[in-house]
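Each chain gets a letter, A, B and so on, in the order its sequence line appears, and its residues count up from 1.
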Amino acid sequence: MSTPRFYVTTAIAYPNGRPHMGHAYEAIATDVIARFKRLDGFDVRFLTGTDEHGLKIDQAARAAGKAPKAYVDEMVAPFQALDDALGISYSRFIRTTDADHKALVQALWQRMAANGDLYLGRYEGWYSVRDEAYYDEAELVTGEDGAKLSPQGTPVEWTVEESWFFRLSRYQQPLLDLYDSQPGFIQPTSRFNEMRAFVAGGLSDLSVSRTSFSWGIKVPGDERHVMYVWLDALANYLTGAGGLDGEWWPADLHVVGKDVVRFHTVYWPAFLMSAGVALPKAVFGHGFLLNRGEKMSKSLGNVVDPAEMATRFGVDRLRWFLCREVAFGDDGSYSDEAIVERTNADLANGIGNLAQRSLSMVAKNLNGMMPQRGEPGETEVRLKEAFLAGTDAYFAAMNGLALHKALDALMGMVTAANGYFAENAPWALAKTDTARMAEVLAATLDATRRIVLLAQPFIPDSTNRLLDQLGVAADARDFSALNSPVEAGLELPSPAGVFPRITIEA
RNA sequence: GGCAGCGUAGCUCAGUUGGUGAGAGCGCCGGAUUCAUAACCCGGAGGUCGGCAGUUCAAAUCUGCCCGCUGCUACCA
């Protein structure tokens, strides 16, 4: 039997500025999914990276007095560094300036052209020379003298530019059929409904090339044009899969921000249908993170650097908070206080304390030797039942991408384990019945082991250290080992707290 | 403007097809305890379930209207 595969991606980031919390959030959430799948026995490919072409980069590079490629080389570094700092277990960090990607996009274009879906036309719109950008009528503002101005207040003029078009209109019905036959294609449901309504409302053909700038991938056979950045960008998922007929395609899941759901669930499948390439199985649109309930913006001065946050709180605390406190798919809010409160409650008081209180008793009373479990009594049976239910809930939530619910289930198991411990009071048994004490400690340690195993996707570094302390062998840490307790008699290292409580400096 | 969704304890939220006295976690208060990271365990604290009206023997859960918020979409030109 071959190992099942799972190919998951984040959207690729546009590096015209510093990475922000949104990038960190998407990378972390997707990493959690990737790690979960690996632990669950899948062969996982995890793609993330940067989207480096387009007008904005071109302009920014010019403003910086640099060649576009030199400019993006500089700008991309912090994105990859952030991923590395956050423990993102990507298989490849793809850049749309990579050679194999350029070749793939051109091949994709040719397939779409061969299918008769690309034609030369004219793109008309309000164009600002100063911004080098087209604006929709609705975006324009009216100046004092009644003249039309761009949102930046620059003059615009009605401009006609030659452009290649994609026959998106041809794919309205196929897309509706896709949605109806595969409701899970767009998640969560609210996004599904929005996109279905959008497509049902009619689709116009899409301009997919530009002649007004050159920083992009050339249109095959018509080098005056560069391709529309979204066609270029979306195709990264194919490049990362190994090509048009790549071994990893189709993707099992694209994790993207809610603002780009349309590109991924309308344009992307239409492009693929046109090229005769299989479609991804699902697109999940996550929400945005708000700083104390407010949108992050430079003018509000509330933009935070995720790398700085990770340094200040610890990577695992940040990962835990984002997955636990924010319902995956909804917008979420964060603040220093909320992070401290949440992680102290769950990690320090919860998982960390559970491990520490049981391990320290083993160290002090049993010479650090893993005790033997006894015949299960009533409290052991209750503990086991709670863990079976909790584990089921955890897996159901994870497989449904309800990351926050999975952690809720996990914390329920922590509560059950702490309850079991308090109920049996091994510290009292130490004076009256050391054999029973050893059994209680053994049961608690195994409960802790299960909790920590399941917590691995979320807090990989901390759980590794905890599993070391719990005597769990390196090859007994995936989910197939859930029911394999540590052998009695094993000598455990002396315990050390993994999640010290933290306080906010006033 | 149209479509969709939301508004439940201080905070974040659960609440199947209407029916045990409205829930969980965190925070807070009290108790107990001392193995542990002033942690854990137990108990409590009472929120007009956005507002008004209606349907019903019975509504947080159905209907209408209103207020507030969000998303998608359209338009005013």
| task | Quick one, give me the B/S/- string for nucleotides 31-45 of chain B, reading 5' to 3', where B means a protein heavy atom under 4.0 Å from the base and S means that only happens at the primed atoms, P, OP1 or OP2. | result | --SSBBB-SBS----
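A salt bridge does not link A/R382 to A/E385: none of the charged nitrogens lies less than 4.0 Å from a carboxylate oxygen. Between A/D252 and A/K37 there is no salt bridge, since no side-chain nitrogen of the basic residue lies less than 4.0 Å from a carboxylate oxygen of the acidic one. Using a 4.0 Å cut-off between a side-chain N of Lys or Arg and a carboxylate O of Asp or Glu, A/R449 and A/D446 qualify as a salt bridge. Salt bridge A/E341/A/R324: absent, no basic N to carboxylate O contact under 4.0 Å. Between A/R373 and A/E380, no side-chain nitrogen of the basic residue sits less than 4.0 Å from a carboxylate oxygen of the acidic one, so the salt-bridge criterion is not met.
What separates CD of A/E325 from P of B/rC11 is a distance of 13 Å, to the nearest Å. Between A/K405 atom NZ and B/rA14 atom P there is a gap of 8 Å when expressed in whole angstrom units.
A ring pair (Phe, Tyr, Trp, His ring centres under 6.0 Å) with A/W230 is found for one member of A/F263, A/Y14, A/W268 and no other, namely A/F263. When the options A/R317, A/R342, A/R312 are evaluated for a salt bridge (charged side-chain N to carboxylate O under 4.0 Å, His left out) with A/D336, the one that passes is A/R312.
A distance of 12.0 Å separates NZ in A/K431 from CE in A/M437, rounded to the nearest 0.5 Å.
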| message | Could you spell out the base pairing of RNA chain B as a dot-bracket line? Use Watson-Crick and G-U wobble contacts where both distances are under 3.5 Å, [ ] for crossing pairs, | for partners on a different strand. | response | (((((((..((((.....[...)))).((((.........)))).....(((((..]....))))))))))))....
